Amino acid sequence: MSSGPRGRRLEIRGTVQGVGMRPFVWRAARDCGVAGRVRNHAAGVTVEAFGTAASLDALEARLRAGGPPSARITSIGAEEIPAEDAAAFTIEESAGADERRVSIPPDLSTCPACLAEVLDPSDRRHGYAFTNCTGCGPRFTIVRDVPYDRATTTMAPFPMCPDCAREYRDPADRRFHAEPVACPACGPRLALRGADGAAMAGDPIAVAAAALAGGRIVAVKGIGGYHLACDATSPAAVALLRERKRREAKPLAVMVRDLDEAGRLAFLSDAERELLASPERPVVLVRRRDGSGLAPEVAPDGPIVGILLPYSPLHHLLLAAAGRPLVMTSGNLSEEPIAFRDDDALRRLAGIADLFLLHDREIEARADDSVARVVAGRPLVMRRARGFVPTPVLVRRPFPLPVLACGAHLKNVFCLAARGEATLGPHVGDLDDLETLRSFEASVARLERFLRIRPELLAHDLHPGYLSTRYARERSLRDGIPTVAVQHHHAHAAAAMAEHALEGPVLALTWDGTGLGSDGASWGGELLLARYDGFERLATFRPIPLAGGERAIREPWRLAQVALDQAFDGDPPAGAFPALVAVPEADREVVRRMVAVGVNAPVAHGAGRLFDVVGALALGRGVSRFEGQVAMALEAASDGGADGRYPFAIDVASTPWQLDWRPLVRAAAEDVLRGVPAGTVSMRFHRALAAAGAELVRMAAGRHGRLPVVATGGVFQNARLAGLLVEEMAGRFEVYIPGRVPPGDGGIALGQAVVASAIAAS
Ligand code: ZN
Ligand code: ZN
Ligand code: FE
């Protein structure tokens, strides 16, 4: 074997751009004594290396052992190429439009090295709110175009000072080709504005911190948009924020300095600590401690509170100066999209914030905070946004055509997929007004441009009224692209299958609030035998009439009334259920008549409705102020130490089988009338549902074999239920619960994409 010079090309794929991959390769090449070059390439990073066979092997082995911390290498291809007489190893600039990068990384939380500099009085970046490096900093939210270079980000207006330029050019430096690199001499600056938008003098962090300590509301420009901040320990400040933001009951996220402070406010498992400190830095739902000092108004509904750690230097500085946990909720009014442009924020938040803490680095795209919790011992993402977007989900079966899946109606997220990668877009919100629709369209256009994907197939929900469905149909007409309508729960099931790389068929428990079924009814308590290209509906919940239509969802007392009537054959015990007693007898009579006559009382199979019934009875909650409020409160109330389980029946004479909840409602109602504590009622209810799910799966397995089991749909964000179900199935079935793709409607677009592709290919 010749020991003369050899050449080798390595193609590195995955999330490898904007994460310090090229300097990493440069250092590895230097260490191995290899010459050549590295450059960003349309699909990743290309290395052309020249040296002895042994040195090339050493380089390849180094790269295969892993890249820099934030990189996600999915594959490395190697091929021999002719040797060249290269003298050194160099990093080549991106060549322009032809070499568009397809792997823009997500926004990365401040790394320990950068934080140490920010806190070090002798460092030139001491106290600097925009410190970042190749391992951390904004990415997706500052990119204007691809390739991802400083010139195509919102850092373009900030020419680097000589010191920053030296770091940027030095392959041995932590900031080598860190596109947003900056320092106090050359980078973005903080600024203050009053409630009227007028510029204010003073040290921005100090003034903002003092205002927060004084009970004021401060709008803080962050990474993916504006937050509204206030003192989380002050009942008056939090109440004021709620009043001005017109947000009555939903829990508000609280940012704390570090894990120690988080541990003082809430009970944290190891998994929860890990999730809080993960680079994505989501808001994590945890159980607060009594006497934590948090204002009760932060989460008036119960013990569950959302906590997050600082993820930008600005947050670290503000939290340190304020010296207290801060409410950090999205800068918007009620359910509008989060404000991210300065002029828009100053206008829309003018009536809410007393002070604006902002800066001159523009946010190019909005990204809400992600929300996650630990379910059955593992992280589960409920809202997939900043930190996760646009990291793709890798699927086992490549997509035959590029596909755009338009998602559902609530908590809309779309999915753009091609080859073996499915990229879920950022959380758009509830698609029920023009402003949100425009945000959806802009977000779709942006991702298509960045990923260079022109969809040749469109997927959407069966529901004709969803704005996402209408968008798909209009676009189909405009661009001549075929569409596939995907049933809501089939999409839920397929999303979980794709995330866990299951080939199917699977037995899929898909439980949620509502989704249009193939028969035109509202589904949501389904057991499906699911494949990618189709499904069979094996079982569902006994339907309940929604007296008053949608109103029944906002007013669970209506459901409770109907469920009691059905459970007790029209003669429910004349007891004092607080949720019903609060309602005038005449209104209850109207509900009964609607159901008896079958007018304005469409039936619903959703598991979520049963939570409404039991929540209304056990907690005395006749009215729900936001989607899922009663269900969340019922879960939070459940007392793990309580014993017992409510009975249920399975009606096998009907097709599909029906889970008959009447025995359950009877037993729960009798408990409530006997004065059994709500925590016990809730626990017995959760056990009954888990047992019913497991029993349905066992029965289905008797017919279809012991297939893998998927449990998904918004109801499986319920950690109590998911935990009990996993226990019920332990040792008998493999149970898969969503993790990085939300089980709720925020994950549905992935399922639409894989189902539409399978159908189009068949
Ligand atoms: Zn860093
Ligand atoms: Zn500088
Ligand atoms: Fe759903």
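For the numbers below, each heavy atom of this structure counts, side chains included, while hydrogens, waters and symmetry mates do not. The shown structure was predicted, so the numbers you read here are calculated from the model rather than taken from an experiment. Indexing begins at 1, ligand by ligand and atom by atom, following the structure's order.
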Opening angle between SG in Cys164 and SG in Cys183, taken at the Zn ion (ligand 2), to 10 degrees = 100°
inquiry  = Tell me whether Arg386 forms a cation-pi arrangement with Tyr311, defined as NZ or CZ under 6.0 Å from the six-membered ring centre and within 45 degrees of its axis.
reply    = yes
Test: Arg609 cationic atom under 6.0 Å from Trp661 six-membered ring centre, within 45° of axis = no
For the Fe ion (ligand 3): the N/O/S atom of [X] at shortest distance:
X	answer
His492	NE2
Asp512	OD2
Asp745	OD1

ask   = Parallel, tilted or perpendicular for His488 and His492, by the 30°/60° rule?
value = perpendicular
ask   = With under 30° as parallel and over 60° as perpendicular, where do the rings of His359 and Phe130 fit, or are they tilted in between?
value = perpendicular
key: N, O or S from His488 under 2.8 Å to the Fe ion (ligand 3)   = yes
message = Quick check for you: to the nearest 0.5 Å, what is the distance between Trp523 atom CH2 and Thr514 atom OG1?
response = 11.5 Å
message = Determine whether Trp26 and Phe176 satisfy the following criterion, ring-ring contact (aromatic ring centres under 6.0 Å, His included), listing intermediate values before the conclusion.
response = CA-CA 10 Å; Trp26 184 90; Phe176 178 73; 7.2 Å; no
ask   = Between Phe611 and His686, does the ring centre distance come in under 6.0 Å?
value = yes
query = Would one find more than 12 heavy atoms of other residues, nucleotides or ligands at under 6.0 Å from atom CZ of Arg189?
reply = no
query = Around the Zn ion (ligand 1), how many protein N, O or S atoms are closer than 2.8 Å?
reply = 4
